[in-house]
There are 2 protein chains.
Amino acid sequence: MVDRRSRARRTTMNDVARVAGVSSASVSYALTGAPGVSDELRERIRAIANELGYRPSLVAQGLKTGRARSIGLLLTDITNPFYTEIAAGAVAAAGDLGYEVLISHVGLGQDAGGDDADDAGAARLATVARAHIDRYSSGLLLTSLLARDQPLLAELRRTHVPAVQLYRRVPGEPSDWVGIDDHAAAGEIINHLLTTGRRHIAVLGGQRSSYASAAREAGFVDALSAAGLQPANPDQGRWGDISRRSGLERARELFARGTPIDAVACGNDLIALGVLDACREDGFAVPDDVAVTGLDDMSFASVGPLQLTTVTVPRELIGRRGVQMLFRRIEGDSGPPVEEVLPHQLRPRDTT
Amino acid sequence: MVDRRSRARRTTMNDVARVAGVSSASVSYALTGAPGVSDELRERIRAIANELGYRPSLVAQGLKTGRARSIGLLLTDITNPFYTEIAAGAVAAAGDLGYEVLISHVGLGQDAGGDDADDAGAARLATVARAHIDRYSSGLLLTSLLARDQPLLAELRRTHVPAVQLYRRVPGEPSDWVGIDDHAAAGEIINHLLTTGRRHIAVLGGQRSSYASAAREAGFVDALSAAGLQPANPDQGRWGDISRRSGLERARELFARGTPIDAVACGNDLIALGVLDACREDGFAVPDDVAVTGLDDMSFASVGPLQLTTVTVPRELIGRRGVQMLFRRIEGDSGPPVEEVLPHQLRPRDTT
DNA sequence: ATGAAAGCGCTAACAC
DNA sequence: GTGTTAGCGCTTTCAT
């Protein structure tokens, strides 16, 4: 085996036991703090373990206990700063609880491609999730779930794998979730746009099968309706990926179509940045010719000359609360699903 | 045990063997594709495994083989888009090779705080690295190493844990590395600034103990010297964290000091964004009053009105190559350390 | 207070 | 071609 040759053998609990002249059970007791050894022996064993540079094998421990003492955080796109800010919060909170967070970048397929065409995305996500489970992950933090991921969530529930959804959620699944009131947030954006005199507002949302995106779209449309208006662009143009590229491409189309437009309300910040790219490309002045709004307030939404009007959400807190909710489940709480709505706030800046 | 109660028992290889009426060895052979079973039996076993929803325990596999078939990617700050773009490349490349990438956000201490004061940072990094090792990670991808992390690198070498350094590197350690020619890149920035008529150039670099930051600082200074100039700010003002906050704070100080300055050359993009924030705050026009340059070309360095002059580096490729280099080592290659210098390119944009 | 021993679920000799 | 078996390094009864 390549292994045994290339890798120096680890110091094991048995090595420690041998040197200390005790059984491995005593070593286990001593090191884990369990009762069963005298303080004196405990100290002696600790010293020897230390001396030998012993570190317990988390793999053996995991196999024995069935738990890895780690939680998995699945990121659809690690390149999206909004989610990495959530991740930072999650890691900090888990650290406080003595757990590790192992992050996976799911990649391709999820936020890309058509709305339903990509079962590949669902499959990939499920594969990554199962890999964490097969490593005996104590629980899963899921971001960016789409309707098509419902079977995965159901599987997790059936197999009693603790999981909480962050930000996005699959409707109808009895699962814990932390996020914001997307419908309200979107409404506030529209009202702000209305207040500043905009009337020809195009809507560039996320994926139709994303609950959050759908809620935002509805929030945009409803607020517009309340003012006797409707989006300046047709329904099918309103859905797409929540990426900068998609924002750019859809804005180009929108501008090329020549429909009169004085604002673009985007489903998230990334889309809005793409729209800003398109404005620059096509020579539209923001906000004079056209206003642009985002939603999320990721940190790069406001940098120097770039000052996107958006809705800020407590990113770190989402991560922290998610971890705490997950912990309840890991510890055995089997109460009804908790859905926690965190506060958001409109951030008017320079693009409106 | 909370475990066994709350979690349905997994289907094991033994379950499959029992149902198939064969030994677990045959199941193992059948499923791993090893010889030792007839095609017929193999198929039957596969079908049953499938039927039962059997998935091998990666933990048991790991304990047995000593390898987890996963690689660990340590990110100092998952919130820094430059590194997440590298991460995306690494994940893609590892996927091609049938490995998983488990990402850790090291957090606090690393890129924050003083230069040496924070041994806490080194300790935290080492802890995270060891956690991966104790999970039998096949190898480690390390980013953002500082001089103080040399002991960790030495430990990895001693214990034969394959590791490659991405972008930053600890000098003097015989370890694989992929990155760019920092000194040259910094020089090109200065020459560009000089060409556009700037003469009072302040330098806002990264940490003194970061090899890359030091090389860049030297590149800045050397290019300035070649033109008979020197940085407009004193040496001690040139070092700091590679964060937006640090850029903002140091720029404020710089501007407050009142030294005549017509350009700020930053050690990376994040610092430059902070400087841009300060310019906006203090009413400095960019580039008319002052030019600002970055280094890295992370994707958010150019968005709509934000068009930072910087040096672009092949981010995804760094991740990909890193994984490939790591693989050589995992497969047993024990040749001399490889240092791969990837191309970079000046990207003049609107801040100069 | 301490030790012996039985697994956790898998792989890899080694028998047959 | 197929089965038996001995661990991998731990935790945890159960004896002593």
Side-chain angles (χ1 to χ4, degrees), chain A residues 1-5 7-45 48-49 52-69 133-136 138, chain B residues 1-5 7-46 48-49 52-69 133-138:
Chain A
M1 238 159 51
V2 177
D3 235 69
R4 306 258 163 268
R5 261 189 300 117
R7 206 103 140 194
R9 202 179 70 79
R10 294 174 59 97
T11 300
T12 73
M13 189 172 260
N14 265 322
D15 297 333
V16 178
R18 198 174 315 117
V19 172
V22 298
S23 74
S24 64
S26 295
V27 176
S28 178
Y29 296 145
L31 265 25
T32 60
V37 284
S38 61
D39 290 357
E40 189 186 20
L41 180 55
R42 190 186 300 275
E43 256 331 299
R44 203 163 65 79
I45 289 176
I48 290 172
L52 262 41
Y54 168 72
R55 291 201 313 267
S57 158
L58 298 178
V59 177
Q61 237 168 228
L63 181 59
K64 182 64 194 176
T65 64
R67 283 291 170 81
R69 286 193 76 78
I133 296 167
D134 295 345
R135 293 210 150 72
Y136 297 180
S138 304
Chain B
M1 235 159 50
V2 176
D3 235 72
R4 306 258 164 269
R5 261 189 301 117
R7 207 102 141 192
R9 201 180 69 81
R10 295 175 58 99
T11 300
T12 73
M13 189 172 260
N14 266 322
D15 297 332
V16 177
R18 197 173 317 116
V19 173
V22 299
S23 75
S24 66
S26 295
V27 176
S28 178
Y29 296 144
L31 265 27
T32 60
V37 284
S38 60
D39 289 358
E40 190 185 18
L41 179 57
R42 190 187 299 275
E43 257 330 300
R44 203 163 66 80
I45 289 175
R46 280 212 176 122
I48 291 170
L52 263 41
Y54 168 73
R55 291 202 312 267
S57 158
L58 298 178
V59 177
Q61 239 168 227
L63 182 59
K64 180 64 193 178
T65 64
R67 284 289 170 82
R69 286 192 76 79
I133 296 168
D134 296 344
R135 293 209 147 72
Y136 297 179
S137 178
S138 304

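Computed from a predicted model, the values in this text were never measured in an experiment. Order of the sequence lines sets the chain letters (A, B, ...), proteins ahead of strands, with each chain counted from 1. All values below were derived from every heavy atom in this structure, side-chain atoms included, with hydrogens, water molecules and symmetry-related copies excluded.
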Can you check the [X] [atom1] to [N] [atom2] distance for me, whole Å?
X      : N      : atom1 : atom2 : result
B:K64  : C:dG7  : NZ    : C1'   : 15 Å
A:M13  : D:dT12 : CE    : P     : 11 Å
B:L63  : C:dA12 : CG    : C1'   : 14 Å
A:R135 : C:dC10 : CZ    : P     : 14 Å
B:R67  : C:dC10 : CZ    : C1'   : 17 Å
A:R10  : D:dG9  : CZ    : P     : 8 Å
A:N14  : C:dA5  : CG    : P     : 13 Å
B:L31  : C:dC10 : CG    : C1'   : 12 Å

For this session: Just call it for A:S28: base, sugar-phosphate, or nothing, with non-hydrogen atoms closer than 4.0 Å on any strand.
Result: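 Base: the residue A:S28, judged by heavy atoms under 4.0 Å, touches a nucleobase.
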
Exercise. Side-chain donor-acceptor pair under 3.5 Å between A:Y136 and A:T65, yes or no?
Worked result: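 Side-chain D/A pair, A:Y136 to A:T65: absent.
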
For this session: Five pairs at each end of the helix from C:dA1-D:dT16 to C:dC16-D:dG1: take the axis at both ends and give me the angle between them to 10°.
Result: 50°

Exercise. Does A:D39 or A:S24 map to a spot on DNA chain C nearer the 5' end, using the closest nucleotide for each?
Worked result: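 On the 5' side of the pair lies A:D39.
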
For this session: With the side chain counted from C-beta on, respond yes when A:R42 and A:L31 share a heavy-atom pair under 4.5 Å apart, and no when they do not.
Result: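 Side-chain contact under 4.5 Å: no.
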
For this session: Go through the N and O atoms of the side chain of A:Y29 and the base of D:dT13, and report whether any donor-acceptor pair is under 3.5 Å.
Result: yes

Problem set entry | Side chain of B:T32 (C-beta onward), nearest among C:dT11, C:dG3, D:dG3 | C:dT11

Problem set entry | Nearest listed nucleotide, side chain of B:P56, among C:dC10, D:dG3, D:dT2 |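 So the side chain of B:P56 is nearest to C:dC10.
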
